[in-house]
Amino acid sequence: MQYNTLGRTGLTISKLGFGGIPIQKSNEEDVRKLFQVLIREGVNYIDTAKGYTVSEKFIGYAMEGYRDKFILATKSMSRDYEGMKKDITTSLEALRTDYIDLYQVHNPSMEQLDKVLSEDGALKALQEAKEAGKIGHIGITAHSTEVFERALSLDWVETIMFPYNLVEQQAAELIKKCKEKNIGFITMKPLAGGAIEDATLALRYINQNDAVSVVIPGMAEEKEVLQNKEAIENTAPLSKAEEEAIEVIRKKLGNQFCRRCNYCAPCTVGISIPNVFLFAGYLERYDLADWAKSRYESLAVKASACVECGACESRCPYNLPIREMLKKCAKEFEG
């Protein structure tokens, strides 16, 4: 296994990290066995989130007795002081640990980030927890390049997590700035939420970018760990055949792929369009259909509410046929 330094945190982490979303379909004993594989193969970076239902709990059980083998990262969507303070305590209890290496503000909008930074915002709770030794470092995750760019200017941000893969290139220049500023960059959605089927090619592509600190594909089985490790260990330049395969994938996905940039917002009737498409991706990935449906059900406005005004399509920089895509999602989720 190859290792990187996670930006200014100084943490030594494996270039291949463990994404904790898919283990929600598993059980505690199987996850514990999987973590023995991670130890054996040298994977030490663990990513989870309070919002991933049982993921923190399962990881806590799996790490018991082996906490020192892992660099542990989690995140919370709380934006206020009391909510974040409570979430940090909940995460510590679920993960069965007295410290978390990296705690992240989970996907805030620009307006929500203002709340995080306010006098009674979540940042205050994070900084207090850091001073108390409950968390080691503070980061942020995002799906919006606007938030990414702003995060680069915040002195408390030690890491940034953002989608990056062979079809999602909207943050390429911002990722370079992470390296310039010594901010750790964590690649999420390396397979574009399941749209990219060739995991080896996807990881090989990402591994060519030396500004990437770690990539965190979701893994639930030993064979996935071994396959992904092999891809990361292959540091040879991309072959002509691989480059051609990448172009085929890009052309295949075409304009049907949502990058979750959120430029389509605001929807006339309040549909959270990127989230609808995100949950739709999980219907076909990781065997998390039930979880995707429950997340979809939590949306205040469903895809079927679309009035087909087309305002979103006029703002989409990728010219997505959003109205047709929403119809498809409504059929899949609502019947």
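In what follows, every heavy atom counts, from backbone to side chain, and hydrogens, waters and symmetry copies are set aside. Note that the structure is predicted; figures quoted are calculated from it, not measured.
Checking side-chain atoms of Lys134 against main-chain N and O of Ile100 turns up no donor-acceptor pair under 3.5 Å. Panel note: side chain Thr97, backbone Tyr99; a donor-acceptor pair is recorded below 3.5 Å. Judged purely by atom type and a 3.5 angstrom limit, Arg150 has no side-chain atom pairing as donor or acceptor with the backbone of Thr145. Under a 3.5 Å cut-off, the side chain of Ser26 and the backbone N or O of Pro22 do not form any donor-acceptor pair. A distance-only check finds no donor-acceptor pair linking the side chain of Thr5 to the backbone of Gly7 [under 3.5 Å]. Under the 3.5 Å distance criterion, the side-chain polar atoms of Gln2 are matched with a main-chain donor or acceptor of Ile232. Arg295 contributes no side-chain N or O that, together with a main-chain N or O of Asp290, makes up a donor-acceptor pair within less than 3.5 Å. Without hydrogens or angle criteria, Tyr296 side chain to Ala303 main chain gives a donor-acceptor distance under 3.5 Å. Ser14 places a side-chain N or O within 3.5 Å of a backbone atom of Asn44 that can act as its donor or acceptor partner. Checking side-chain atoms of Gln112 against main-chain N and O of Ser109 turns up a donor-acceptor pair under 3.5 Å.
The CG atom of Leu92 sits 9.0 Å away from the CD1 atom of Ile135 when rounded to the nearest 0.5 Å. Summarising the geometry, atom CG belonging to Leu34 is positioned 9.5 Å from atom CD1 belonging to Ile59; distances are rounded to the nearest 0.5 Å. The SG atom of Cys306 sits 9.0 Å away from atom CD1 of Ile322, with the distance rounded to the nearest 0.5 Å. Between atom CD1 of residue Ile140 and atom CD1 of residue Ile160 there is a gap of 7.5 Å, rounded to the nearest 0.5 Å. Distance check: Ile271 CD1 to Leu299 CG gives 9.5 Å after rounding to the nearest 0.5 Å. Annotation: the span from Ile273 atom CD1 to Cys312 atom SG amounts to 4.0 Å, rounded to 0.5 Å.
Within the 4.5 Å cutoff, no side-chain heavy atoms of Tyr164 are placed close to those of Met188. Counting heavy atoms from C-beta on, the side chains of Leu11 and Asp101 come closer than 4.5 Å. Here the side chains of Gln169 and Arg250 are in contact, with some heavy-atom distance below 4.5 Å. Between Gln227 and Lys223 the shortest side-chain heavy-atom distance does not fall below 4.5 Å. Using a 4.5 Å heavy-atom threshold, the side chains of Ile186 and Leu102 count as touching. By the 4.5 Å heavy-atom criterion applied to side chains, Ile39 and Phe70 are counted as neighbours. Side-chain atoms of Tyr52 and Ile23, non-hydrogen and from C-beta on, never get closer than 4.5 Å to each other. Put simply, the side chain of Leu152 reaches to within 4.5 Å of the side chain of Leu174, judged on heavy atoms.
Nearest heavy atom pair, residue Lys130 against residue Glu158, reads NZ-OE2, 3.0 Å. Taking both residues in full, the closest heavy atoms of Cys264 and Arg315 are given as O-NH2, 2.8 Å, listed atom of the first, atom of the second, then distance. Smallest separation of non-hydrogen atoms from Arg204 and Ala231: CD-O, 3.7 Å. Residues Pro108 and Arg79 share a closest heavy-atom pair of CA-NH2, 3.4 Å. Heavy-atom minimum distance, Ser304 versus Glu334: OG-OE1, 2.6 Å. Here the closest non-hydrogen pair linking Pro190 and Leu203 is CB-CD2, 4.0 Å.
At a threshold of 4.0 Å, the pair Glu324-Lys327 counts as salt-bridged, since one of the basic side-chain nitrogens sits closer than that to a carboxylate oxygen. Note on Glu82 versus Lys85: no salt bridge recorded, every NZ/NE/NH1/NH2 to OD/OE distance being 4.0 Å or above. A salt bridge links Glu233 with Lys229; the closest basic N to acidic carboxylate O contact falls under 4.0 Å. A salt bridge is defined here as a Lys NZ or Arg NE, NH1 or NH2 lying under 4.0 Å from an Asp or Glu carboxylate O, and Arg67 with Asp98 fails to meet this definition. The residues Arg96 and Glu64 are annotated as salt-bridged, a charged nitrogen and a carboxylate oxygen being separated by less than 4.0 angstrom. Between Lys328 and Glu332 there is a salt bridge, since a side-chain N of the basic residue sits under 4.0 Å from a carboxylate O of the acidic one. A salt bridge does not link Lys124 to Glu119: none of the charged nitrogens lies less than 4.0 Å from a carboxylate oxygen. In this structure, Lys33 does not pair ionically with Glu221, as no charged nitrogen and carboxylate oxygen lie closer than 4.0 Å. Using a cutoff of 4.0 Å between basic side-chain nitrogens and carboxylate oxygens, Asp210 and Lys179 are scored as salt-bridged.
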Kindly indicate, with the supporting measurements, whether the criterion side-chain contact (heavy atoms from CB on, under 4.5 Å) is fulfilled by Asn207 and Val212.
CA-CA 7 Å; Asn207 206 30; Val212 172; over 6 Å; no
Show the numbers, then the answer: is there a side-chain contact (heavy atoms from CB on, under 4.5 Å) between Glu313 and Leu320?
CA-CA 6 Å; Glu313 293 183 6; Leu320 292 180; over 6 Å; no
Show, in sequence, the C-alpha distance, side-chain angles and deciding distance for Thr141 and Asn107, and conclude whether the side-chain hydrogen bond (donor to acceptor under 3.5 Å, both in side chains) test is met.
CA-CA 5 Å; Thr141 79; Asn107 192 29; 5.3 Å; no
Please test Glu128 against Tyr81 for side-chain hydrogen bond (donor to acceptor under 3.5 Å, both in side chains), starting from the C-alpha separation and ending with a verdict.
CA-CA 10 Å; Glu128 286 182 358; Tyr81 173 80; 2.7 Å; yes
Audit row: Leu6, Ile71, side-chain contact (heavy atoms from CB on, under 4.5 Å) steps and yes/no
CA-CA 10 Å; Leu6 185 58; Ile71 302 298; 5.6 Å; no
Please lay out, stage by stage, how Glu168 and Lys189 fare under the test side-chain contact (heavy atoms from CB on, under 4.5 Å).
CA-CA 9 Å; Glu168 293 186 271; Lys189 310 298 182 215; 4.1 Å; yes
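If you run side-chain contact (heavy atoms from CB on, under 4.5 Å) between Glu41 and each of Asn228, Leu16, Leu226, only Leu226 comes through. Between Glu56 and the choices Thr48, Thr74, Thr90, the side chain to side chain donor-acceptor pair (under 3.5 Å) rule is met once, by Thr74.
Checked by atom type, the side-chain pair Tyr205/Glu242 shows no donor-acceptor distance below 3.5 Å. Donor-acceptor pairing under 3.5 Å is lacking for the side chains of Asn4 and Ser213. No hydrogens or angles considered: nothing links the side chains of Ser55 and Gln24 as a donor-acceptor pair under 3.5 Å.
Cluster annotation: Phe162 is connected to Leu166 through the hydrophobic network of ILVMFWY side chains, with a link wherever side-chain heavy atoms come within less than 4.5 Å. At a threshold of 4.5 Å between side-chain heavy atoms, the hydrophobic network of Ile, Leu, Val, Met, Phe, Trp and Tyr places Leu154 and Met84 in one connected group. Cluster membership for Tyr3 and Ile183, using ILVMFWY side-chain heavy atoms within less than 4.5 angstrom, is shared.
Within a 6.0 Å sphere centred on NZ of Lys302, heavy atoms belonging to other residues, nucleotides or ligands number more than 12. Counted within 6.0 Å of NZ on Lys115, heavy atoms from surrounding residues, nucleotides or ligands total more than 12; the atom is thus considered enclosed.
Aromatic ring centres of Phe35 and Phe18 lie closer together than 6.0 Å.
Geometrically, Arg32 engages Tyr61 in a cation-pi contact, judged by NZ or CZ lying under 6.0 Å from the ring centre and within 45° of the ring axis.
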